[in-house]
Amino acid sequence: MARATILHADLDAFYASVEQLLDPALLGRPIAVGGGVVLAASYEAKRAGVRSGIPGWRARRLCPDLTFVGGHFSEYQRLGDAVMDVLGDYTPWIERISIDEAFLDVAGSVHLFGEPAEMAAAIRRRVRDELGLPISVGVATTKHLAKVASQVAKPDGLVVVDAGEERAFLDPLPVELLWGVGPKTRGRLDQQGIRTIGDLAAASPERVEALLGSATGAKLGALAVNADPRPIETSRRSRSMGAQSALGRRVPSTRLLRTELGFLADRVATRLRASRQAGRTVTVRVRFRDLRSVTRAETVAEPLSTTHALADLSVRLARKALADHPEEREITLLAISVSKLAEGSPPETLRALDDAVDAVRAKFGRGAVGNASVVFRGAGRVPDAFRELAEAGAELAGDEDPASGHQSLD
DNA sequence: TCTGGGGTCCTAGGACCC
DNA sequence: TCTGGGGTCCTAGGACCC
């Protein structure tokens, strides 16, 4: 039987913990990072029902003494990276899955640092002592189970699920602890009397697949019986790249579409070029007042990565989406996503302008130059630092492959 | 009194080809 | 004479995650 050598390390209420670290007056108090929407809540706020993603007004109603803080996004990036450096002291086999969590496979480091559980304890101690942050760790035989374990460990805890103890650990837990079970799936399972992971593991595959669709059902079934031994992936290429802007309520004039989609196209195309990629499918999403949204997509023959081409196609797609919904007078969000990514740059002739813009920006900053929509759009509703943090999160794929160029610890 | 920005994966239907 | 089966690609929408 496989040993429990997979760790999932997950910082607790990360943004909120950083704020409490930066301003000790906030310690022990319910705080939320964000404003219009809650990006993160401290455990004190969570106890009152404040969750990330809920609107600010609802959070205030749930928790009248809630303190909102603006957010120190560059500090989140710095501290998140510092935590990953600590993890890297224990193994090169790290899969960072967001700014504040990662999987580790420590099978090859046991002779250096002791049992996986000891490493987990040491990691927690070091992150607390050196960086001042609480972090929970789960240890198990598979990634998914380690993640369930870290969720159970929260806040500020350690849970080890030894080989052979998986069923006893999983069976009594509620299904929503499984990765991929959200409100809808939980509701569907609940209607069938399936509430615990044990219930799900005991249900026939046919029944689960009939309920959730074949792929989702099979996947969830595998998770429930811990039969999903996916390996640690130290680097991964992203499959799409996008950007979006919430707009408040706006009438979708041609001028608005050109300005906002020009801004978004510029952000996406710049990142595409920086990663030397281009994409064939462009998807535009338009959201209406009731939060319903529609998408229109087009796949082109030649991969594109120029700001101009992306902006033009995006405006066309947005017009198509709007034309199909003439009853909608106002829109609240625009988004662009580019997928079917491939290595490659645009032809020389088309690239010259973007190259020049990229070069000037590298020297003088983003606002120094750009197409009119970028320069004249003015400040958005969302701080650039937050966008950059989110972008960084989307580009976690490390270029360091432990399998090549790194001496095995064994 | 309606909510950010970045992603992943799945489903279903239709076009098209052999 | 009116119709099989399989595969691939594309589009639109939805659920979910951090």
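For the helix from dG5(B)-dC18(C) to dC18(B)-dG5(C), the rotation axes defined at the first and last 5 base pairs enclose an angle of 10°, given to the nearest 10°.
Distance, Q151(A) CD to dC18(C) C1': 11 Å, rounded to whole Å. Taking atom NE2 of H144(A) as the reference point, atom P of dC17(C) lies 10 Å away to the nearest angstrom. I331(A) places its CD1 atom 15 Å from the P atom of dT3(B), with the value rounded to the nearest Å. dC2(B) atom P lies 19 Å from atom CZ of R292(A), rounded to whole Å. Computed from coordinates, the F288(A) CZ to dT3(B) C1' distance equals 17 Å when rounded to whole Å. Between L272(A) atom CG and dG6(B) atom P there is a gap of 13 Å when expressed in whole angstrom units. One interatomic measurement links the two molecules: CG of L389(A) to P of dG6(B), which rounds to 11 Å at whole-angstrom precision. What separates CG of D10(A) from P of dC18(C) is a distance of 8 Å, to the nearest Å.
To the nearest 0.5 angstrom, M119(A) atom CE is 12.5 Å from D89(A) atom CG. Atoms CH2 and NZ, from W179(A) and K143(A) in turn, are 10.0 Å apart once rounded to the nearest 0.5 Å. Once rounded to the nearest 0.5 Å, the distance linking CG of L257(A) with CG of L322(A) reads 6.0 Å.
In this structure, R285(A) reaches neither bases nor backbone, as no heavy-atom distance under 4.0 Å exists between it and the strands shown. When heavy atoms are screened at a 4.0 angstrom cut-off, K320(A) is found touching no nucleic acid atom at all. Nucleic acid contact class of F386(A) (heavy atoms, under 4.0 Å, all strands): base. When heavy atoms are screened at a 4.0 angstrom cut-off, S245(A) is found touching the sugar-phosphate backbone but no base atom. Residue A335(A) is out of contact with every strand shown, counting any heavy-atom pair closer than 4.0 Å. Across all strands shown, R296(A) has heavy atoms under 4.0 Å from sugar-phosphate atoms exclusively, and none from any base. Using a 4.0 Å heavy-atom criterion, one finds that D290(A) contacts no nucleic acid atom at all. Counting non-hydrogen atoms under 4.0 angstrom, G34(A) reaches nothing in the nucleic acid. Note on V38(A): nothing from the nucleic acid sits closer than 4.0 angstrom, heavy atoms only.
Salt bridge E328(A)/R287(A): absent, no basic N to carboxylate O contact under 4.0 Å. Here R289(A) pairs with E330(A) in a salt bridge; the nearest charged N to carboxylate O distance falls below 4.0 Å.
The residue among R249(A) and G242(A) whose nearest nucleotide of DNA chain B lies closer to the 5′ end is R249(A). With DNA chain C read from its 5' end, the first of the two nearest nucleotides for G182(A) and R280(A) is the one closest to R280(A).
Closest to the side chain of A246(A), out of dG7(B), dT3(B), dG4(B), is dG4(B). Listed candidates were dC18(C), dT3(B), dG5(B). Nearest to the side chain of Q244(A) is dG5(B). With dC16(C), dT1(B), dC18(C) as the choices, the nucleotide that has an atom nearest any side-chain atom of R61(A) turns out to be dT1(B). For W57(A), taking side-chain heavy atoms from C-beta onward, the closest of the listed nucleotides dA15(C), dT1(B), dG6(B) is dT1(B).
Comparing the C1' positions of dC2(B) and dC18(C) gives an interatomic distance of 22 Å, to the nearest angstrom.
Within a 6.0 Å radius of CZ in R239(A), other residues, nucleotides and ligands contribute 12 heavy atoms or fewer. In R292(A), the CZ atom is crowded: over 12 heavy atoms of neighbouring residues, nucleotides or ligands sit closer than 6.0 Å.
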**Q.** Worked verdict on E260(A) versus R250(A) for salt bridge (charged side-chain N to carboxylate O under 4.0 Å, His left out)
**A.** CA-CA 11 Å; E260(A) 287 299 330; R250(A) 303 290 293 275; 5.0 Å; no
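The backbone N or O of A278(A) sits nowhere less than 3.5 Å from a side-chain atom of R273(A) that would complete a donor-acceptor pair. Judged by distance alone, the side chain of D12(A) and the main-chain N or O of D156(A) form a donor-acceptor pair under 3.5 Å.
Under 4.0 angstrom from either OP1 or OP2 of dC17(C) there lies no side-chain N or O belonging to K184(A). Taking side-chain N and O atoms only, S337(A) has no distance below 4.0 Å to OP1 or OP2 of dG7(B). Of the side-chain N and O atoms in R239(A), none sit less than 4.0 angstrom from OP1 or OP2 of dT8(B). For the OP1/OP2 pair of dT1(B) and a distance below 4.0 Å, the side-chain nitrogens and oxygens of R58(A) include no atom meeting the criterion. Side-chain N/O atoms of S240(A) include one lying less than 4.0 angstrom from OP1 or OP2 on dT8(B). R287(A) has a side-chain polar atom (N or O) that falls below the 4.0 Å cut-off from OP1 or OP2 of dG4(B).
Contact annotation: the side chain of E19(A) approaches that of Y76(A) to within less than 4.5 Å [non-hydrogen atoms, C-beta and beyond]. Residues L22(A) and V18(A) form a side-chain contact, since some pair of their non-hydrogen atoms from C-beta on lies under 4.5 Å apart.
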Dump every N/O contact between nucleotides 10-14 of chain B and the protein below 3.5 Å, one line per pair.
from    : atom 1 : to      : atom 2 : distance (Å)
dT11(B) : OP1    : S214(A) : N      : 3.3
dT11(B) : OP1    : A215(A) : N      : 2.8

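Base orientation of dC2(C): anti (glycosidic angle beyond 90° from 0).
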